[in-house]
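What's counted below: heavy atoms across the whole structure, side chains too, no hydrogens, waters or symmetry copies. Every chain is numbered from 1, with letters handed out A, B, ... down the list of sequences.
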There are 2 protein chains.
Amino acid sequence: MPRIVTIRTVAERAGCSIATVSRVINRSAPTSADVEARVRAAIDELGFRPSEIGRALKTLKTRTVGVLIPSLTNPVFAASVAGVQAAARERRHTLLLTATDYDPGAEAELVETLVAQNVAGLVLTVACASQNATLDLLEAESIPFVLVHNEPEGDARAAVCVDNAAATSALTEAMIAAGHRRIAYLAGRFATSDRSLRRYEGYRAAMQKAGLVAAAPLELDYLGDAPSHAAALAGLFGEASAPTAALCSNDLLALSVTGALRDLGIRVPDHVSVAGFDGIALGRAMSPSLATVDTPTRLMGERAVEMLFEMIETGAAPRVERLPFSLRPGGTLAAAPKRSRRQDPTPPTPLNP
Amino acid sequence: MPRIVTIRTVAERAGCSIATVSRVINRSAPTSADVEARVRAAIDELGFRPSEIGRALKTLKTRTVGVLIPSLTNPVFAASVAGVQAAARERRHTLLLTATDYDPGAEAELVETLVAQNVAGLVLTVACASQNATLDLLEAESIPFVLVHNEPEGDARAAVCVDNAAATSALTEAMIAAGHRRIAYLAGRFATSDRSLRRYEGYRAAMQKAGLVAAAPLELDYLGDAPSHAAALAGLFGEASAPTAALCSNDLLALSVTGALRDLGIRVPDHVSVAGFDGIALGRAMSPSLATVDTPTRLMGERAVEMLFEMIETGAAPRVERLPFSLRPGGTLAAAPKRSRRQDPTPPTPLNP
DNA sequence: CTGTTAGCGCATTCAT
DNA sequence: ATGAATGCGCTAACAG
């Protein structure tokens with residue numbers, strides 16, 4: 001039988017008014033021990049559970065946090081959502097989760113869906129945090145939100161992220177220190193993504209500082225598979241003066257690129273070194289392990305929730321919090337080969353013919 | 001400014017009653033073109049968005065689907081949730097997401113949280129679907145739910161899964177066909193998990209059918225890291241007649257085991273073959289690629305939602321739907337070595353000293 | 001075709 | 001310390 005059990009049922013059973021029941025439940029006012037015991041007994045016997053809906057309608061606030069991410073399939077977002085979930089649970093809040101499937105056009109509609117549910121606040125990762133109509137809307141309605149992964153300019157919007165430019169610079173410098181001079185930059189489909197842009201900037205700065213030529217980013221379809229990437233990479237890495245290293249804008253791309261190079265008969269890291277960005281757990285498990293920038297993804301989700309509740313409870317002003325990152329050395333990043341691959345005595349043979 | 005815009009505001013602006021506004025919004029009754037135009041104009045101008053809460057309080061039904069999984073960090077669950085999210089979105093529903101963090105004791109409380117939010121139904125993965133008090137509760141309150149991954153006995157409970165026993169049997173047979181005779185079975189921490197048990201049964205059946213000795217499962221800490229697994233595996237694989245293959249109850253475990261063996265100086269697949277179960281995407285990306293059972297994880301989530309709505313709308317009876325699986329060959333599964341490892345002329349050297 | 005009205009479950013005044 | 005009464009935003013039943 002469904003829940004015909006309301007606060008009224010409990011009140012009748014306990015022989016008191018619904019107001020008293022409410023007071024017992026929420027400890028919002030003192031009640032006599034006698035009545036309280038009767039109410040609690042009635043609640044247990046009836047299996048009563050206060051309806052969040054009734055409560056929400058009254059207070060116009062729900063105990064839910066809206067979450068918007070590009071995709072759950074990317075471990076980076078899954079990890080930050082896991083952090084959001086854990087932190088929200090500590091505050092007795094539930095997650096209302098939506099994903100855009102990498103369609104920036106879907107952001108607005110999905111956020112409105114969440115807003116219509118009267119979420120207490122939002123934690124979201126958008127394609128681009130600057131000049132984002134959706135975020136403007138949230139601000140206009142003064143609905144608190146915190147960005148994750150996005151790195152907006154200034155402190156106008158609350159965000160938890162890493163210093164993408166600095167991290168990519170550090171990674172680039174590590175490649176240069178390993179002897180690489182021709183380093184390609186491979187980006188996922190969305191060059192418009194703010195973090196992707198910042199990462200590229202970091203790469204460019206490091207290259208320039210070292211007196212090297214920063215290549216234009218080669219854009220690969222983020223959602224493409226290894227074969228499609230192999231086709232796109234064949235040209236670049238078939239040239240006489242092909243790059244000896246590939247910096248990928250994120251780990252998922254790096255994994256795919258590694259596989260694509262392998263399919264082309266190009267050995268990683270003997271012929272070409274590869275590095276990613278994010279630090280997904282499975283980069284550690286593969287062999288050779290993936291060199292990357294380790295970012296505290298889960299922690300970012302947790303911090304975002306903490307910041308969100310600060311804003312809700314104390315009206316704290318938005319700010320950008322940059323969490324520490326670290327370089328993760330990995331087997332995919334080795335010293336640059338001494339000779340050009342074309343003169344290699346043992347010609348590479350495709351491993352997956 | 002927050003939303004002081006209610007259906008009443010719209011009605012005033014459009015010069016009609018709130019009932020008419022409601023009718024326009026929901027197309028629940030015919031309205032004159034004239035009034036409808038005025039109402040729509042008012043809605044646009046005011047930026048009105050009907051409150052899901054008010055609607056829910058009235059109808060006692062929300063447009064949300066509750067989701068409970070062990071963890072988002074496991075790509076298997078992330079993938080099925082992605083499927084759930086996509087299918088739910090098609091039906092204009094949002095996900096209320098919670099995770100137990102592999103604590104079966106948390107299931108009940110979290111499900112009650114979801115129920116208190118009046119979810120339309122639930123999609124969940126529990127530790128064990130049989131004799132589960134939480135599921136009993138849902139049935140008692142006749143709240144529709146569909147299990148994912150779990151493989152309950154009979155057809156008493158709705159579920160979308162694969163035939164775990166048959167799949168593991170097929171995988172075991174593939175190992176036997178590759179010449180392996182001593183095959184270890186490594187299980188995650190929760191041998192009580194119904195799917196883990198069924199998988200072991202499939203292994204056992206295949207071994208017996210081939211006249212081989214089925215080993216007792218070696219239980220590893222599911223959440224453990226590679227070093228802890230290495231310690232646990234050192235004994236088993238250090239024996240004179242060590243297994244030549246390891247069947248792991250899931251892919252995440254297989255990945256960790258592969259790394260642990262490598263750390264022990266045991267080469268995969270030259271010395272020991274490894275296989276997993278689930279078919280996570282990253283098993284393909286690693287090298288050697290992971291041999292495993294490919295399960296349609298995302299599809300399982302989608303089907304679960306479809307089944308859920310069948311139950312909600314047509315009162316369809318619960319049933320277990322077993323989706324097709326396939327064996328994914330991978331570099332970690334090779335022919336059994338001809339000679340025992342102990343007599344190998346080139347002693348293994350640790351790759352990660 | 002449209003307006004009036006009565007709750008849905010709860011928190012919260014205002015009385016007592 | 002407790003009860004009666006009000007209304008949050010909306011849908012639906014009923015009147016017109």
Practice problem: Decide yes or no for B:N26 and B:R55: does some side-chain heavy atom of the first lie under 4.5 Å from some side-chain heavy atom of the second? | Solution: yes
Quiz item: Hey, does B:I18 reach any base, or is it just sugar-phosphate, or nothing, if we go heavy atoms under 4.0 Å?
Solution: base
Quiz item: Under 3.5 Å, is there a donor-acceptor pair between the B:Q131 and B:D136 side chains?
Solution: no
Quiz prompt | Strand contacts (DNA chain C) in residues 36-45 of chain B, 4.0 angstrom heavy-atom criterion | solution = none
Quiz item: Does the side chain of A:S51 get closer than 4.0 angstrom to OP1 or OP2 of C:dG9 through an N or O atom?
Solution: no
Practice problem: Rounded off to whole Å, could you give me the NZ-to-C1' distance for the B:K61 and C:dC8 pair? | Solution: 13 Å
Exercise. Return the 5'-most residue of the pair B:S28, B:G54 with respect to DNA chain D, ranking by each residue's nearest nucleotide.
Key: B:G54
Quiz item: In a check of side chain to side chain contact (heavy atoms under 4.5 Å, CB included) between A:F77 and each of A:T297, A:V148, A:I69, which one passes?
Solution: A:I69
Practice problem: Select one nucleotide: of D:dC10, D:dG3, D:dC8, the one nearest the side-chain heavy atoms of B:F48. | Solution: D:dC10
Quiz prompt | Selected nucleotide, minimal atom distance to B:R8 side chain, candidates C:dT4, C:dA11, D:dG9 | solution = D:dG9
Quiz item: Do B:T62 and B:Q117 have side-chain atoms, one donor and one acceptor, less than 3.5 Å apart?
Solution: no
Exercise. List the steps and the verdict of salt bridge (charged side-chain N to carboxylate O under 4.0 Å, His left out) for A:E36 and A:R23.
Key: CA-CA 9 Å; A:E36 172 164 352; A:R23 284 191 269 257; over 6 Å; no
Quiz prompt | Closest-nucleotide ordering on DNA chain C, the 5'-leading residue of A:K58 and B:S32 | solution = B:S32
Practice problem: Report yes if a donor N or O on one partner sits less than 3.5 Å from an acceptor N or O on the other, where the partners are the side chain of B:R49 and the base of D:dG9; otherwise report no. | Solution: no
Quiz item: If only side-chain N and O atoms of B:T20 are considered, is one of them under 4.0 Å from the OP1 or OP2 phosphate oxygen of C:dT2?
Solution: no
Quiz item: Quick one: B:I25 CD1 to D:dC10 P, roughly how many Å, whole number?
Solution: 7 Å
Quiz item: How long is the line joining CZ of A:R27 and P of C:dA11, in whole Å?
Solution: 14 Å
Exercise. Under 4.0 Å between any heavy atoms, over every strand shown, what does A:S22 touch: base, sugar-phosphate, or nothing? Just pick one.
Key: base
Practice problem: Would you kindly give the CD1-to-P distance between A:I7 and C:dT12, to the nearest whole Å? | Solution: 11 Å
Exercise. Respond yes when some side-chain nitrogen or oxygen of B:R55 is under 4.0 Å from OP1 or OP2 of D:dG9, and no when none is.
Key: no
Quiz item: Can you check whether B:L323 reaches B:R303 side chain to side chain, under 4.5 Å on heavy atoms?
Solution: yes
Quiz item: Which nucleotide in the list D:dG9, D:dT2, C:dT2 gets nearest to the side chain of A:R23?
Solution: D:dT2
Quiz prompt | Side-chain N,O (B:T6) to OP1/OP2 (D:dG9) below 4.0 Å | solution = no
Self-check item: Reference residue A:Q85; test side chain to side chain contact (heavy atoms under 4.5 Å, CB included); the match among A:V305, A:L95, A:T94, A:V67
Solution: A:L95
Quiz item: Roughly, in whole Å, what's the span from CG in B:N26 to P in D:dC10?
Solution: 10 Å
Exercise. Mind checking A:L57 for me? I need base, sugar-phosphate or nothing, with any heavy atom below 4.0 Å counting as a touch.
Key: base
Quiz item: What integer distance in Å separates A:L60:CG from D:dC10:C1'?
Solution: 12 Å
Quiz item: A:S80 pairs by side-chain hydrogen bond (donor to acceptor under 3.5 Å, both in side chains) with which of A:H149, A:R298, A:E302?
Solution: A:H149
